[in-house]
Undergrad: 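Mind having a look at this structure? Questions to follow.
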Amino acid sequence: VLPSQLLEHFIHEANHHWIMDLCICRDASGCRDHPIDLGCLFLGEAVLGINPELGRLASKEEALAHVQRCRDAGLVHMIGRNKLDKIWLGVDPGHKLLTICNCCPCCCLWRMIPDIDPSIGRKITRMPTVTVAVTERCVGCGLCAEGVCFVDAIRMKDELAEIDVACRGCGRCVEVCPADAIEISLDEELFVEESIQRLSPLVDLS
């Protein structure tokens with residue numbers, strides 16, 4: 001899971017960007033709550049082999065604008081090397097394809113994580129150094145606990161919001177809180193270093 005504050009780093013790192021014309025998960029689920037035309041963003045050299053009927057090559061500026069529209073629509077960014085994408089897109093090499101999904105409750109990962117075996121669910125992780133915390137400004141409105149968290153990690157306790165260890169750090173609760181009572185923070189220097197160490201062996205963005 002990638003908080004919105006961190007996504008720009010990977011977009012700037014990549015030399016190739018591809019925007020899908022639609023989200024196949026929302027389309028297949030008949031989603032009525034979020035835009036179907038806001039699809040995945042793919043990064044890396046392998047995007048050059050994607051069927052042009054599925055979307056288009058984009059500049060860094062267009063990619064940044066796309067993810068901003070996704071955030072404005074309340075979608076959650078997830079980033080990783082998805083081997084299934086290599087197969088269904090028919091592209092190669094797989095280690096040069098990075099997927100950024102923009103997920104809503106209709107999407108496969110969102111719908112499955114609270115219910116699947118923890119050994120699988122743990123593969124969807126919080127980015128290193130990211131912290132999400134409820135502050136003393138919480139007024140107990142409960143909005144953040146009403147279907148906002150895609151892993152059900154935030155609940156009301158003693159009339160205040162409480163975040164448990166299942167939190168993946170997406171930051172969606174931060175964006176919906178009317179009292180600005182939830183904060184997301186990161187150690188930027190450690191984030192860049194640790195994220196590069198985690199992703200570099202998996203995906204070549206050059």
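Numbering of residues begins at 1 and proceeds along the displayed sequence.
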Undergrad: Roughly how far, to the nearest 0.5 Å, is the CE atom of M20 from the NE2 atom of H66?
TA: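 Spacing of NE2 (H66) from CE (M20) equals 9.5 Å.
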Undergrad: Looking at every non-hydrogen atom in both residues, tell me the closest pair between L89 and L97 and how far apart they are.
TA: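 Answer, listing the atom of L89 first, then L97: CD1-CD2, 4.2 Å.
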Undergrad: Whether E175 and R71 form a salt bridge (side-chain N of Lys/Arg under 4.0 Å from carboxylate O of Asp/Glu) is what I want to check.
TA: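 Looking at R71 and E175, the cut-off is not met.
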Undergrad: Does R26 reach the main-chain N or O of C31 with its side chain, forming a donor-acceptor pair under 3.5 Å?
TA: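 The answer is no, because no donor-acceptor pair under 3.5 Å joins these two groups.
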Undergrad: Do the side chains of C101 and H77 get nearer than 4.5 Å, heavy atoms only?
TA: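 Answer no - side chains too far apart.
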Undergrad: For the atom pair CE (M156) and SG (C141), what is the distance rounded to the nearest 0.5 Å?
TA: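 Spacing of CE (M156) from SG (C141) equals 7.0 Å.
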Undergrad: L38 versus C23: any side-chain heavy-atom pair under 4.5 Å?
TA: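 Answer no - side chains too far apart.
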Undergrad: Can you find a pair of side-chain heavy atoms, one from E183 and one from R137, that are under 4.5 Å apart?
TA: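 The answer is yes, as the side chains (C-beta and beyond) meet within the 4.5 Å cut-off.
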Undergrad: If you measure from CD1 on I100 to CZ on F42, what distance do you get to the nearest 0.5 Å?
TA: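 One finds 10.0 Å between CD1 of I100 and CZ of F42.
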Undergrad: Is any side-chain heavy atom of V91 closer than 4.5 Å to a side-chain heavy atom of V47?
TA: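 No, their side chains stay 4.5 Å or more apart.
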Undergrad: Which heavy atom in I154 sits nearest to a heavy atom in C149, and how many Å separate them?
TA: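 In this case the closest contact between I154 and C149 is CG2-CB, 3.6 Å.
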Undergrad: Drop me the distance from C104's SG to R32's CZ, to the nearest 0.5 angstrom.
TA: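 Atom-to-atom, C104:SG and R32:CZ are 13.5 Å apart.
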Undergrad: So, do D37 and D21 sit near enough that their side-chain heavy atoms are less than 4.5 Å apart?
TA: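 Side chain of D37 against side chain of D21, heavy atoms only: no contact under 4.5 Å found.
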Undergrad: Spell out, yes or no, whether I24 and L84 are grouped together once hydrophobic residues are joined by side-chain heavy atoms under 4.5 Å, including indirect joins.
TA: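 Different clusters.
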Undergrad: Is there a side-chain contact between L48 and L57, using heavy atoms and a 4.5 Å cut-off?
TA: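 Yes, close enough: below the 4.5 Å cut-off.
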Undergrad: Do L160 and V134 have side chains that get closer than 4.5 Å, going by heavy atoms?
TA: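 SC-SC contact between L160 and V134 ruled out.
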Undergrad: Cluster question for you: counting only ILVMFWY and a side-chain heavy-atom cut-off of under 4.5 Å, with indirect links fine, are W18 and I11 together?
TA: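 Each belongs to a different hydrophobic cluster.
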Undergrad: Consider only side-chain heavy atoms of I, L, V, M, F, W and Y, link residues closer than 4.5 Å, and tell whether I79 and V67 are in one cluster.
TA: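 I79 and V67: one cluster.
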Undergrad: Between CD of E45 and CG of D92, what distance do you get to the nearest 0.5 Å?
TA: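 The CD atom of E45 sits 10.5 Å away from the CG atom of D92.
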Undergrad: Looking only at heavy atoms, which two atoms of C138 and A161 are closest? And how far apart?
TA: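 Answer, listing the atom of C138 first, then A161: SG-N, 3.5 Å.
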Undergrad: Check E8 against L64 and note the closest heavy-atom contact, atom names and distance.
TA: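 Result for this residue pair: CG-CD2, 3.4 Å.
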Undergrad: So which atom in A14 and which in K60 form the shortest heavy-atom distance, rounded to 0.1 Å?
TA: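 For A14 versus K60, the nearest heavy atoms are O-CE, 3.2 Å.
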Undergrad: Okay, side chain of H16, backbone of A46: is any donor-acceptor separation there less than 3.5 Å?
TA: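 Side chain of H16 to backbone of A46: no pair is present.
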Undergrad: With the side chain counted from C-beta on, respond yes when I163 and I182 share a heavy-atom pair under 4.5 Å apart, and no when they do not.
TA: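 Yes - at least one pair of side-chain heavy atoms lies under 4.5 Å apart.
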Undergrad: What heavy-atom pair brings C167 and G169 nearest, and what distance separates the two atoms?
TA: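 Of all heavy-atom pairs spanning C167 and G169, the closest is SG-N, 3.3 Å.
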Undergrad: Hey, mind stepping through N102 and V76 against side chain to side chain contact (heavy atoms under 4.5 Å, CB included) and telling me if it holds?
TA: CA-CA 5 Å; N102 302 295; V76 172; over 6 Å; no
Undergrad: CD1/I19 to OG/S59 distance, rounded to the nearest 0.5 angstrom?
TA: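 So the CD1 of I19 and the OG of S59 are separated by 7.5 Å.
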